2 protein chains.
Amino acid sequence: MKKYTIKDIAELAGVSKGTVDRVIHKRGKVSAKAYEKVNAVLNEIDYKPNLLARSLKNTKEYHICVVLPDYKEDAFWTPCFEGIQEAINEYSSFGIFIEYYFFDLMQPSSFLEVHKKVLGLLPNAVLLAPLFYKETVKVVANYNNANILVSKFNNQLDIENSKNFVGQDLFKSGRIAASLMKEITSKNATIAIINIDEDSNNAIYVQEKEKGFRSYFNEIGNYTIVTWNCKQQNIDDTLGDFIDNHSGLAGIFVTTSKVYKIAAFIKNKQLAHIKIIGYDLLDENIKYLNQHIIHFLIHQNPKKQVYLGLTYLVEHFLFNREIPAKSLLPIDIITAENLDTYLEV
Amino acid sequence: MKKYTIKDIAELAGVSKGTVDRVIHKRGKVSAKAYEKVNAVLNEIDYKPNLLARSLKNTKEYHICVVLPDYKEDAFWTPCFEGIQEAINEYSSFGIFIEYYFFDLMQPSSFLEVHKKVLGLLPNAVLLAPLFYKETVKVVANYNNANILVSKFNNQLDIENSKNFVGQDLFKSGRIAASLMKEITSKNATIAIINIDEDSNNAIYVQEKEKGFRSYFNEIGNYTIVTWNCKQQNIDDTLGDFIDNHSGLAGIFVTTSKVYKIAAFIKNKQLAHIKIIGYDLLDENIKYLNQHIIHFLIHQNPKKQVYLGLTYLVEHFLFNREIPAKSLLPIDIITAENLDTYLEV
DNA sequence: TTAAAAAATGTGTTCGAACACATTTACTTC
DNA sequence: GAAGTAAATGTGTTCGAACACATTTTTTAA
């Protein structure tokens, strides 16, 4: 299983390495005779160029910017930040320079501002969380104009000329939540879907989950599914009324990582008969999962999303690997029992 | 964020690149003065050697052998084989030569034979499935003597001087199965643990799962847990009696990927009230999962185990990365609903 | 037939780290 | 202070691919 080099091939074919190079890269200026000789050798052996050497020769500084919400505003984004840090450590030895920029996830305008700044830096690629539809369309167009590669994570948006997504199928994610809810509630129960702090700006991805959840129960029939949108700060004042108005409420599906807010209320009011399913392994959520106030968490694996998104870009630059148009991660079901196998050591 | 090279550092410190190299690698023969100058620069900047260049210089052929049971005997090993293939494709461009050798998983003697053959090849490393305790101790000792790096996957064995394991915590895996079983069966039920085709030779890893399963129900109390060991070919003849002898049997936990054998029987005899939990995403298992004959599968991720094990070895050889002594993968809970997010596209 | 142009082919350098080897400088000893 | 040795430092080559540039061969036109 010898590794052949260009030089080896040149000797075998009786030509110079320059000619071999021209044949391999189809750069022309090769006689039919020489072409045949080289090709005969290439067909005989299994030539795989040494990617280390190729990449070393092409050594450039590659610059990647990640644009995401500030994790200080919303703990959901903390693992993303860790994923970036890991990628920085991992890839800086290969001449990859990764930076991150935060925007305010409540303000589309800050999203635009940050991207304007990033565009000015003319990086080789941008990995972004496309929370706002209209604004994302705009910035993606700008990046395309400037010939800057764009990749997205967290939520999928159908945007023209924009592939490269890493994340989960949110519709399916909602269905999975529903199937788990069915498993732990009694037949034909009333179930609530609760959206916390999601205004129309960035509600798209929450809507997908809701659709998936409802689609599952529609297929079964006879369950009562109600949706409730609320603001974080009003939960204590209004959730009680909501529950009272829906007597026999058996389960709550919270569409985001803020499920701990609901869990806190449920625990406080001793309503533990109401089963809760939500998203993500925040410390607060883990606490209630271990107390069996939250019954299942669905793991969106935000850290892996970012890390994988960056890995695709890096391998594209270094080794010319193709970036998958859509990379959908597994949707992990987390219980109090398998939880710690998902946490870092 | 400029990338510094040895040459850059040499210029900044006013010495030659040879001296810089000696300082960085602590190879001595450097005057205190020169040492100080170079160190001053190194402290100032963040020097990360270009791993591509380093690895290119050290270019050797690295040879890795994977030793595992033949997947034609037991479909569980098929994904492992796929993982090997993927690693071959991925890493051959870096001068890594990966081979695989199969042994008969019923015959410890064939395990020894194959390893004898592999030892004769003097590879740089061996990744193996340590199914047989006694025999593994022996071959690992042989590899250590020959200075061949050893890494293990699938099941953990406590062997002296042998680290480098990729797999899952099997005890915990049993506990998780138990917690799911509890969720879908009625209180204080009778539950069976079924081991198929596991003789004492390689029963160690199955025992761990059983222990974990029992430990969970012990903590709760009042459930009746019975164990049944059987041979694949006798299931049709004997399982009926076993079930009859345990009236009120509510659930079956099959400790291996052969759970489809039990599911076939249960479906056939229309005993669908008995809930089944087992292991791994074999086609047959998937079929019964989708029919809701099997209720949960636990995903051992054999493909990832092998691929990751190989990745650790490769990165160790190419970039001098440390190999984790123990790499425990998440224990995924698979239902009919989230199944396809775990399958390849 | 010969000069000029075009095509084909070969040679040499670069990327950055690692290390062998050559050269210079410092230190002993008589 | 000179000769000899040890220590320190600098130079040059290598890994394999890529490509610029130099050289050779073939083709074309006068």
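What you see below is based on every heavy atom in this structure, not just the backbone, and it leaves out hydrogens, waters and symmetry mates. Everything numeric here is computed off the predicted structure, so don't read it as measured data. In what follows, every chain begins at residue 1, and chains take the letters A, B, ... in the order their sequences are listed.
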Does anything in residues 36-44 of chain A come within less than 4.0 Å of DNA chain C? Heavy atoms only, and list the residues if so. none

Does Asp21(A) reach a base, just sugar-phosphate, or nothing at all? Heavy atoms under 4.0 Å. base

Apply the test salt bridge (Lys or Arg N to Asp or Glu O under 4.0 Å) to residues Lys17(B) and Glu11(B): give CA-CA distance (whole Å), side-chain angles for both, the deciding distance (0.1 Å), then the verdict. CA-CA 8 Å; Lys17(B) 62 198 175 88; Glu11(B) 276 164 21; over 6 Å; no

Give the intermediate values and the outcome of side-chain hydrogen bond (donor to acceptor under 3.5 Å, both in side chains) for residues Ser92(B) and Lys48(A). CA-CA 7 Å; Ser92(B) 70; Lys48(A) 297 248 176 90; 3.0 Å; yes

Indicate whether any N or O donor in one side chain lies under 3.5 Å from an N or O acceptor in the other, for Thr311(A) and Tyr91(A). yes

Worked check of salt bridge (Lys or Arg N to Asp or Glu O under 4.0 Å) between Glu90(A) and Arg321(B): CA-CA 11 Å; Glu90(A) 177 89 11; Arg321(B) 290 248 167 79; 3.3 Å; yes

Decide if the gap between the ring center of Tyr4(B) and the ring center of Tyr47(B) is smaller than 6.0 angstrom. no

Considering every strand and a 4.0 Å limit on heavy-atom distances, what is the contact class for Tyr47(B): base, sugar-phosphate, or nothing? sugar-phosphate

More 5' along DNA chain D: Gly18(B) or Asn58(A), using each one's nearest nucleotide? Gly18(B)

Ring-plane angle category for Phe111(B) and Phe132(B), please: parallel below 30°, perpendicular beyond 60°, tilted otherwise. perpendicular

I need the residues from residues 314-323 of chain B with at least one non-hydrogen atom less than 4.0 Å from DNA chain D; give them sorted by number, or say none. none

Students often mix this up, so state it plainly: with edges at 30° and 60°, are the rings of Phe102(A) and Phe81(A) parallel, tilted or perpendicular? tilted

Do Phe319(A) and Phe94(B) make the cut of ring centroids closer than 6.0 angstrom? yes

Answer with base, sugar-phosphate or nothing: what part of the nucleic acid does Ile6(A) contact at a heavy-atom distance below 4.0 Å? sugar-phosphate

So where does chain B start and stop touching DNA chain D, 5' to 3', when the test is distance under 4.0 Å to a non-hydrogen atom? dA8(D) to dG16(D)

If you look at every strand shown and take non-hydrogen atoms under 4.0 Å, does Lys7(B) touch a base, only sugar-phosphate, or nothing? nothing

side-chain contact (heavy atoms from CB on, under 4.5 Å) test vs Thr136(B) passes for just one of Ile159(B), Asn155(B), Leu112(B), namely Ile159(B)

Given that His25(B) and Lys57(A) both sit by DNA chain C, which one's nearest nucleotide is further toward the 5' end? Lys57(A)

From Asn124(A), Val314(A), Leu313(A), residue fulfilling side-chain contact (heavy atoms from CB on, under 4.5 Å) relative to Tyr62(A): Asn124(A)

What I want to check is whether the side chains of His115(A) and Tyr101(A) have a donor and an acceptor closer together than 3.5 Å. no

